[in-house]
Protein chains: 2
Amino acid sequence: MFTQAEENYLKAIYALENESSESISTNNIALKMETKASSVTDMLKKLAAKKLVEYKPYKGVHLTFEGEKVALKVIRKHRLWEYFLVKKLKFSWDSVHEIAEQLEHIQSDDLVNSLDAFLGFPKKDPHGDPIPDKDGIVVSNTSINMLGMKVGDVGVLNGVKDSTDAFLRYLDKKNLALGDRIKIIDIEPYDNSVYIETKTHHMSISKHVAKNLYLKNKK
Amino acid sequence: MFTQAEENYLKAIYALENESSESISTNNIALKMETKASSVTDMLKKLAAKKLVEYKPYKGVHLTFEGEKVALKVIRKHRLWEYFLVKKLKFSWDSVHEIAEQLEHIQSDDLVNSLDAFLGFPKKDPHGDPIPDKDGIVVSNTSINMLGMKVGDVGVLNGVKDSTDAFLRYLDKKNLALGDRIKIIDIEPYDNSVYIETKTHHMSISKHVAKNLYLKNKK
DNA sequence: ATATATTTTTAGACATATCTAAATTTAAAT
DNA sequence: ATTTAAATTTAGATATGTCTAAAAATATAT
Ligand SMILES: [Mn+2]
Ligand SMILES: [Mn+2]
Ligand SMILES: [Mn+2]
Ligand SMILES: [Mn+2]
């Protein structure tokens, strides 16, 4: 249906639209995709011709309903495969992204839906990101950022903003995993670092790290 | 490492080398790949430059050791994914080939080997074809063709020569499946059709169909 | 042995996707 | 309001993979 390149652009534009509500610029996309602005322009024209994006030269771009549908399908596949790799093939959560980048382009509705059923219709991928369902419906994340929490608050770690291998391995090293119950013991005003308590230990979390952690409030 | 196109050519050449011991011609490949001879020539030059095939213009081509290694890796992936689709995702054996054609190009040794372990190191794919192991070692098929059997012989159906959807669906319709014990009751001299007995019924098999069935001799 | 047919290769074109460098448009600064 | 800077687009090139049509090589027939 669509080429891998087209799918990757749609996915990137979708991500950009969801992380900032401003109009998406050629440079935004080039940066995210590690490519050149001129390449982006070429592709935007192609996607616009296929009615997947609305594109006004010099004025930025946004997904059409159709484009968003395609992006969500790719994201669904990406996250289902990541779940498969971690839960069935015992991959670590920091090693699945690259492989899912390939698997997300396999074209077969039957395959995706059978895989979904085989996995038991999971709601979230190994990084806490929601998995769009068959119809492209994705639950909006109600989690809150650790930076927004107050001393005494309790939550369950259920998502990460940064999904790079480096950050995920840092969490592994610190023995922090999705599902962990975390209590905010203290917030250091000097550097905004957060001192937390888990079931097994205490630790200090830098502001930079706290910014990349999402928790579900426990009351 | 290699492009999908390169891998598909190597796989096709491997298959041709195994179904006839003659030198593989440009036209042979074009026919098998449903492409044009000129396209094949272009690709053969590319593969020869990469030392994956030995190619003498006008004189045909054959795989180098390196080229065979790549082909076997692709075939290993193809058959493991087919096994996965049938055994885990409950696909029918006539519907997996097309999807496996895509999945066989996913690049990750970790993935293939983990999948292999997850599946319990299967020896044969859903069509009875042997699955090359981690090191590219593939057991040669000791099965015999139904056409070579005599009246009174007994065997277990364990492979098909023709793996097209049409043939596989024909076998389903006739209630013939891999693993079935089959006894040769009679061979009709007029049209070489074979009258067989299975655990549950009797039936007549045309010469054309018999040619596409492999059995493991039971004594 | 020469003519004819078949196979294979080459030449040139096209589609996709990417890049560099130059031109253009828009935004920011003086 | 010009000038300068930044962002974006265009022009032209390259790489991959495919095709059609023409040329060249090989095989077959008379
Ligand atoms: Mn990912
Ligand atoms: Mn993920
Ligand atoms: Mn197959
Ligand atoms: Mn098969």
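Please read these numbers as outputs of a predicted model, since none were measured by experiment. Here is how names work: the chains are called A, B, and so on, in the same order as the sequence lines, proteins then strands, and each is numbered from 1.
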Within this structure, what is the CD-to-C1' distance between A:E34 and C:dA17, rounded to whole angstrom? 17 Å
A:Q4 CD to D:dT16 P, straight-line distance once rounded to whole Å: 17 Å
Sorted by number, residues from residues 16-24 of chain A placing a heavy atom under 4.0 Å from DNA chain C are none
Could you tell me the separation between the CG atom of A:N8 and the C1' atom of C:dT16, rounded to a whole number of Å? 14 Å
Between NZ of A:K50 and P of C:dT16 the distance, given in whole Å, is 7 Å
What is the distance from CG of B:L47 to C1' of D:dT16, rounded to the nearest Å? 13 Å
Would you say B:T35 places a side-chain N or O within less than 4.0 Å of OP1 or OP2 belonging to D:dG17? no
Do you know the tightest heavy-atom contact between B:K88 and A:F118? O-CD1, 3.5 Å
So that I can tick it off, tell me whether A:K73 and A:D109 are bridged by a salt bridge, with the cut-off set at under 4.0 angstrom between side-chain N and carboxylate O. yes
Within the structure, does a side-chain N or O atom of A:Y9 lie under 4.0 Å from either OP1 or OP2 of C:dT18? yes
Just to verify, what does A:E66 make a salt bridge (Lys or Arg N to Asp or Glu O under 4.0 Å) with, not counting sequence neighbours? A:K69
Under the side-chain hydrogen bond (donor to acceptor under 3.5 Å, both in side chains) rule, collect the residues that match up with B:S143, sequence neighbours excluded. B:N141, B:N158
Could you tell me whether the side chains of B:D110 and B:S108 share a donor-acceptor contact shorter than 3.5 Å? no
By ring pair (Phe, Tyr, Trp, His ring centres under 6.0 Å) - contacts of A:Y83 (at least two apart): none
Please check the phosphate of C:dA17 (OP1 and OP2 only) for any side-chain N or O of A:K46 closer than 4.0 Å. yes
Whether each nucleotide of nucleotides 7-12 of chain D has a protein heavy atom under 4.0 Å at its base (B), only at its sugar-phosphate (S) or at neither (-) is summarised, 5' to 3', as SBBB--
Could you check how far CE of A:M33 sits from P of C:dA17, rounded to whole Å? 11 Å
Which residues satisfy the ring pair (Phe, Tyr, Trp, His ring centres under 6.0 Å) test with A:F84, sequence neighbours excluded? A:W81, B:F84
Distance check needed: C:dT18 P versus A:E6 CD, whole Å only. 10 Å
Look at atom NZ of A:K161 and say whether more than 12 heavy atoms of other residues, nucleotides or ligands are closer to it than 6.0 Å. no
Heavy-atom pair with the smallest gap, counting every atom of A:V74 and A:K11: CG1-CD, 3.7 Å
